[in-house]
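Could you have a look at this structure, given as structure tokens, before my questions?
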Protein chains: 2
Amino acid sequence: MVIPPQDQPITSLADVAQLAKVSIATASRVLTGSSHPVAEKTRRRVVSAAERLDYVPSAVGRALVTKRTALIGVIVNDISDPYFAEIARGIDDAARDAQYLTMICNADARPEAELSHVKALSSFPASGIIFAGSGSAVPGAEAAVAEAARRAEKRGVLVTALARKSFECRTLTVDNFAACRDLTRYLVSIGHRRIAFVEGPPDRYASIDRLAGFRSALAEASLTEAHVYTGGFDFESGATAARRMLSNDLPDAVVAGNDESAAGLSHALREAGIDVPGQVSVAGIDDTRTARIAGLTTVRVPLYELGHEAARQMVTRTANDGPLLTLFPHEIVVRSSTAPRHSTRP
Amino acid sequence: MVIPPQDQPITSLADVAQLAKVSIATASRVLTGSSHPVAEKTRRRVVSAAERLDYVPSAVGRALVTKRTALIGVIVNDISDPYFAEIARGIDDAARDAQYLTMICNADARPEAELSHVKALSSFPASGIIFAGSGSAVPGAEAAVAEAARRAEKRGVLVTALARKSFECRTLTVDNFAACRDLTRYLVSIGHRRIAFVEGPPDRYASIDRLAGFRSALAEASLTEAHVYTGGFDFESGATAARRMLSNDLPDAVVAGNDESAAGLSHALREAGIDVPGQVSVAGIDDTRTARIAGLTTVRVPLYELGHEAARQMVTRTANDGPLLTLFPHEIVVRSSTAPRHSTRP
DNA sequence: TTGTAAGCGTTATCAG
DNA sequence: CTGATAACGCTTACAA
């Protein structure tokens, strides 16, 4: 590592102590708000010395002793995806309230990237690591990540997931199966019969659980799926599925694996002259800001709240007691991308 | 700070050295890839010992000596705003390539929050701090932030801004004035005459420069502005402006201060039965993913690239030599929210 | 080529 | 109530 020119010496606790004419120990006790008793007069001398010198305690010096930094690491697939951005915002708000800093790591769903991030975060070490995305159901795909997470935990790093992972881990999430089942039930309830699904990445638990929920709702209603299109969690995947749908046959309604995909789907459908929701209803999942902008019917998943609560538990170190799995409620949000079957556009 | 139970001792360089039967110094030289010569046989012993112990060097121990952590801090207004999320993604990609971690700090445009983040980042200290959002033109509003940034720089922390700030600072950005002027020129070129503007937060340089660019283009064409609506950089601000527009009088076209606002604007207009772009053309600025989803005509601002290049310069410590101001090019992107005057929807 | 040891800034222990 | 000091894990002169 390149050592940059150290133009200015850092003012350290020793400087504060010297100016206040106390020992380093006393200065530390005052500035950390320790419970160790310090005379009021002494305290004031230290505080004013610190202010005069614009003293900022060295996080590194402190961490060397406490073996912990006021850092929370978040491993996302892609921070520019609103799903993760909203989670990250919730985390950082809770972190900031407790004077913690939030580190964002993009892993693009690659286990090797996750692994290297877990290691980097452990090297500080961060107080906690939050896995924002769901895991891969491919056997062994996450083995190394699981092992690294387990080791980090043994060293006192709190680990929390906000979606189902392939290893045991404290988890705050929603019931993806139920969420997608409820959404599909809604589409059935407004008269749709031929309903298609656009899948997310097929190895992800989020995709798998959502597809299963979709199928469950259809089975309840004694319906068979119109078609399950392979897809992905991005706009382009939805658009691609739409094009295949157009050259295939149009269902009454489509459930997409998430909002991004639903947005791409309805965009491409409309571009081809299809009336959404007049001819085809389209629904997404997550209720990210994409859903609002595109006017999508969707299922609200409390992303901000998931992140906020996970981080809150970490900074208060409550995460160790709570239950291993906490489910947050979801809720259908009806907007203008769906309509009763055979209605026309309002 | 609470000291957590240290379930497991951290394996340190001493452990590696012991297992490899070398001194700590030698182990360090091998593992840091120092230029100091080490016998090949010794090197291999150290490497295999490190592997066997699953050694991860302590970032804190290292930072205590080098006075620098492999951390880049990014101060954004709101990471859940795609504008900032796309910048953050660019930064993290460059950071990750160099084995740096990215810290995201949400400041919601509040100088006090920015200040506390700069201090927190300095306390590590981070290698660099990137200000993603533009500054406030209110005199003195950012004085304390400017001072803290200046001090951080004196200690070797690199500081870069991705938008105009009220203090001198290495800056990579686009010409907001020209961007908005060019967009307005485009609307004029397709026949619009009565053109309105929806402002961003009035104290921000980004808002001010864009409004000035808008007025400049109108002046060139000897037009007067239809109306300048107060607004903001969010969806709701655009929607609010639309409602005032409806009870006022409809212009031929509207330029919004950014894409979020433009999305809210066109959403509310359409909800009120107005044909966009048939009756009113709407354009945004930035070309965030919001623009793609909403099908907005806009100006592409290379957000990812700005973040990527800023971070790249930081990790290579090139930021000290380059020019103080670097302008990145912008580009008009035409989508379906604008059309020539008096045309009907395609 | 290897090793010894100083020192980074902080907290915590223990003695006064 | 205050202070001296060990310890944390690492890098890097300097010595051998």
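Just so we're on the same page: letters track the sequence lines, and every chain starts at 1.
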> Is the count of non-hydrogen atoms from other residues, nucleotides or ligands lying under 6.0 Å from Glu305(B) atom CD greater than 12?
Replying inline: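 Check passes, neighbour count above 12.
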> Between Ile10(A) (CD1) and dT10(C) (C1'), how many Å, whole number?
Replying inline: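 Taking atom C1' of dT10(C) as the reference, CD1 of Ile10(A) is at 13 Å.
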> With a cut-off of 6.0 Å (strictly less than), are more than 12 heavy atoms of other residues, nucleotides or ligands near CD of Glu168(A)?
Replying inline: no
>> From CG of Leu31(B) over to P of dT12(D), roughly how many Å is that when rounded to an integer?
In response: 13 Å
Which pairs, protein N/O on one side and nucleotides 3-7 of chain D N/O on the other, fall under 3.5 Å?
{"unit_1": "dG3(D)", "atom_1": "OP2", "unit_2": "Ser23(A)", "atom_2": "N", "d": "3.0"}
{"unit_1": "dG3(D)", "atom_1": "OP2", "unit_2": "Ser23(A)", "atom_2": "OG", "d": "3.4"}
{"unit_1": "dG3(D)", "atom_1": "OP2", "unit_2": "Thr26(A)", "atom_2": "OG1", "d": "3.0"}
{"unit_1": "dG3(D)", "atom_1": "N7", "unit_2": "Arg29(A)", "atom_2": "NH2", "d": "2.6"}
{"unit_1": "dG3(D)", "atom_1": "O6", "unit_2": "Arg29(A)", "atom_2": "NH1", "d": "3.1"}
{"unit_1": "dG3(D)", "atom_1": "O6", "unit_2": "Arg29(A)", "atom_2": "NH2", "d": "3.4"}

>> Which nucleotide wins on minimum distance to the side chain of Ala39(B), given the candidates dC10(D), dT2(C), dT11(D)?
In response: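 The nucleotide sitting nearest to the side chain is dT2(C).
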> In whole angstroms, how far is the P atom of dG9(D) from the CZ atom of Phe124(A)?
Replying inline: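 In whole Å, dG9(D) P and Phe124(A) CZ are 16 Å from each other.
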> Quick one: which of dG9(C), dC1(D), dT1(C) gets closest to the side chain of Pro37(B)?
Replying inline: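 Taking heavy atoms from C-beta onward, the closest nucleotide is dT1(C).
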>> One thing to verify: whether Arg43(B) and Glu40(B) come together as a salt bridge, which I'm taking to mean a side-chain N less than 4.0 angstrom from a carboxylate O.
In response: yes
>> Does Glu147(A) have more than 12 heavy atoms from other residues, nucleotides or ligands lying within 6.0 Å of its CD?
In response: yes
> How many Å lie between CG on Leu13(B) and P on dT12(D), as a whole number?
Replying inline: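 To the nearest whole Å, that distance equals 12 Å.
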> Is the shortest side-chain N to carboxylate O distance from Lys165(B) to Glu114(B) below 4.0 Å?
Replying inline: yes
>> Considering every strand and a 4.0 Å limit on heavy-atom distances, what is the contact class for Ser28(B): base, sugar-phosphate, or nothing?
In response: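 Since a base atom lies under 4.0 Å of Ser28(B), the category is base.
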>> Using whole Å, what does the distance between atom P of nucleotide dT10(C) and atom CG of Leu64(A) come to?
In response: 11 Å
>> Looking at every heavy atom in both Ala311(B) and Ala94(B), which two are closest together, and how far apart are they?
In response: CB-CB, 3.7 Å
> Reckon Arg62(B) has a side-chain N or O less than 4.0 Å from the OP1 or OP2 of dT11(D)?
Replying inline: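 Yes.
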> In whole Å, what is the span from the CZ atom of Arg155(B) to the P atom of dC8(C)?
Replying inline: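 After rounding, the gap between these two atoms is 16 Å.
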>> What is the separation between atom CG on Asp15(A) and atom C1' on dC8(C), rounded to the nearest whole Å?
In response: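 Distance, rounded to whole Å: 13 Å.
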>> On the nucleotide dT11(C), are OP1 or OP2 found under 4.0 Å from the side-chain N or O atoms that Lys67(A) carries?
In response: no
> Ion pair present between Asp15(B) and Arg52(B), side-chain N to carboxylate O less than 4.0 angstrom?
Replying inline: no
